[in-house]
Amino acid sequence: MDAPVIDNTRLERFVQRAMDDLAAGYGGVMVSLGHRLGLYKAMAGAGPLSARELAKRTGCATRYVSEWLNSQAAAGYVDHHALSDTYELAPEQALVLADESSPVFVPPAWNVPASMWADEPRTLEAFRTGQGVAWGDHDQRLACGVAAFYRNGYRASLVPQWLPALDGVVDRLQQGIDVADVGCGHGHSTVLMAQAFPRSRFFGYDVHEDSIEQARRHAQAAGVADRVAFERASATQVPARGFGLVCFFDCLHDLGDPVAAARRAGEVLAEDGTVMLVEPYAKDRPEDNRDTVARLYYSASTTICCAHAISEGGQLVLGAQAGQKRLAEVFRQAGFAHLRRAAETPFNLILEARRRAP
């Protein structure tokens, strides 16, 4: 066979892309260190600081802090002032790296790729055997990282934007209804709704016992434990309570039988109830999902979402980039007559489903 003709320009561009990605992987470790050691928080609003000053403020060794700061300056994560040899965290950088209430706060999300590396032996075995990997069998950093990744986005959007985009749901929440949060994880979404709507009652369901325990602690800390209950149950085991609202937050695509889950949601809904489906943003065709967000979701889906769905029997393994068309088909098969896109963000599709057309 003839040797392939190498386009050196294309090769150089691709090598640079690969090196950028490798550097980003190294950088994630630096971000985690900066978060856990309090380096970013010490820099936030402090103006220019020398490595020695930052080390003193955080109780760290100066030589390590100096090298870390240069890694951050090289990445554009902090600003370096050469004349004074000081480093500064700009307000925009602080929103991403230091402000834990910011909707774009990133550091804890690095727990997810850390868990993916730790779980590599399981993933290799899954690829070779076709078997699944259940959520609870992953490294413990996965649940914490996923909860942190979504928590602040939900805080910024769920109550002020997504719920109002659903027809008549906010009025009913204000009057008082029962709400199911299926696949509630650490319960951040459940607690946010409970805080906003004190006349309604909220019930979170998840198969992961450790997450249920975390959710109960979060509800207690938020002062809503009297109106929020968490129970270990699968999506097809949700009790029939005549729910006015059933929510799936970034979890339907993880389920082994999403049609059965949607069907059960219809069975436990009140006659005029609504399903709120929040899923990772995706277009309907794989060839149209070719950007950074899609790359992130496809990668996580490979080792986490598809793996869990297969562990539950894999009747329909949607993956994290299902798109609205496939999600609508799931609800059609489950007996719903109405599904529409109520809102969207760069990270999520927010869909409204009802058993009857309006």
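Since the model is a prediction, treat every value here as computed from it, not as a measurement.
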For [X], is the [atom1] atom crowded, meaning more than 12 foreign heavy atoms sit under 6.0 Å from it?
{"X": "Arg128", "atom1": "CZ", "value": "no"}
{"X": "Arg217", "atom1": "CZ", "value": "yes"}
{"X": "Arg340", "atom1": "CZ", "value": "yes"}
{"X": "Gln220", "atom1": "CD", "value": "no"}

Is [X] salt-bridged to [Y], cutoff N-O under 4.0 Å?
{"X": "Arg57", "Y": "Glu53", "value": "no"}
{"X": "Glu344", "Y": "Arg341", "value": "yes"}
{"X": "Arg295", "Y": "Asp291", "value": "no"}
{"X": "Asp119", "Y": "Arg122", "value": "yes"}
{"X": "Arg354", "Y": "Asp167", "value": "no"}

Worked verdict on Arg216 versus Glu213 for salt bridge (Lys or Arg N to Asp or Glu O under 4.0 Å): CA-CA 5 Å; Arg216 288 169 179 157; Glu213 292 175 5; 5.8 Å; no
Between [X] and [Y], is any side-chain donor less than 3.5 angstrom from a side-chain acceptor?
{"X": "His80", "Y": "Asp85", "result": "yes"}
{"X": "Asp171", "Y": "Gln175", "result": "no"}
{"X": "Tyr281", "Y": "Gln321", "result": "no"}
{"X": "Ser211", "Y": "Gln214", "result": "no"}

Counting N and O atoms only, with roles assigned by atom type, does the side chain of [X] sit under 3.5 Å from a partner on the main chain of [Y], one being a donor and the other an acceptor?
{"X": "Asn152", "Y": "Glu100", "answer": "yes"}
{"X": "Glu120", "Y": "Trp117", "answer": "no"}
{"X": "Arg227", "Y": "Phe202", "answer": "no"}
{"X": "Tyr297", "Y": "Phe347", "answer": "yes"}
{"X": "Ser32", "Y": "Gly28", "answer": "no"}
{"X": "Gln93", "Y": "Ala90", "answer": "yes"}
{"X": "Asp181", "Y": "Thr190", "answer": "yes"}

Give me the atom names and distance for the closest heavy-atom approach of [X] to [Y].
{"X": "Thr303", "Y": "Ala307", "result": "O-CB, 3.4 Å"}
{"X": "Arg355", "Y": "Gly266", "result": "NH1-O, 2.9 Å"}
{"X": "Phe149", "Y": "Ala109", "result": "CD1-CB, 3.6 Å"}
{"X": "Phe248", "Y": "Ala261", "result": "CZ-O, 3.9 Å"}
{"X": "Ile177", "Y": "Ser200", "result": "N-OG, 3.0 Å"}
{"X": "Ala118", "Y": "Asp139", "result": "CB-OD2, 3.6 Å"}

Tyr26 ring center near Trp68 ring center (under 6.0 Å):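 Here the rings of Trp68 and Tyr26 have centres that are no less than 6.0 Å from each other.
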Aromatic centroids of Phe105 and His35 separated by under 6.0 Å: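 Yes, they do, as the ring centres are separated by less than 6.0 Å.
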Do [X] and [Y] come within less than 4.5 Å of each other through their side chains, counting heavy atoms only?
{"X": "Gln161", "Y": "Ile350", "answer": "no"}
{"X": "Ser189", "Y": "Leu158", "answer": "yes"}
{"X": "Met276", "Y": "Leu166", "answer": "yes"}
{"X": "Tyr40", "Y": "Val96", "answer": "no"}
{"X": "Gln174", "Y": "Phe197", "answer": "yes"}
{"X": "Glu88", "Y": "His81", "answer": "yes"}
{"X": "Leu269", "Y": "Val275", "answer": "yes"}

Verdict with reasoning, Arg263 to Glu267, per salt bridge (Lys or Arg N to Asp or Glu O under 4.0 Å): CA-CA 6 Å; Arg263 185 179 298 116; Glu267 291 168 352; 5.6 Å; no
Derivation of the salt bridge (Lys or Arg N to Asp or Glu O under 4.0 Å) call for Asp99 and Lys41: CA-CA 8 Å; Asp99 183 356; Lys41 282 192 174 182; over 6 Å; no
Side chain to side chain donor-acceptor pair (under 3.5 Å) partners of residues 243-260, not counting sequence neighbours, each pair once: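 Sorted pair list: Tyr154-Asp250, Asp250-Asn348, His253-Glu279.
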Glu329/Arg332 under salt bridge (Lys or Arg N to Asp or Glu O under 4.0 Å): CA gap, chis, key distance, verdict: CA-CA 5 Å; Glu329 178 60 18; Arg332 187 196 66 78; 2.6 Å; yes
Candidates Val112, Val133, Thr123 - the one meeting side-chain contact (heavy atoms from CB on, under 4.5 Å) with Ile304: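 The side-chain contact (heavy atoms from CB on, under 4.5 Å) with Ile304 is passed solely by Val112 among Val112, Val133, Thr123.
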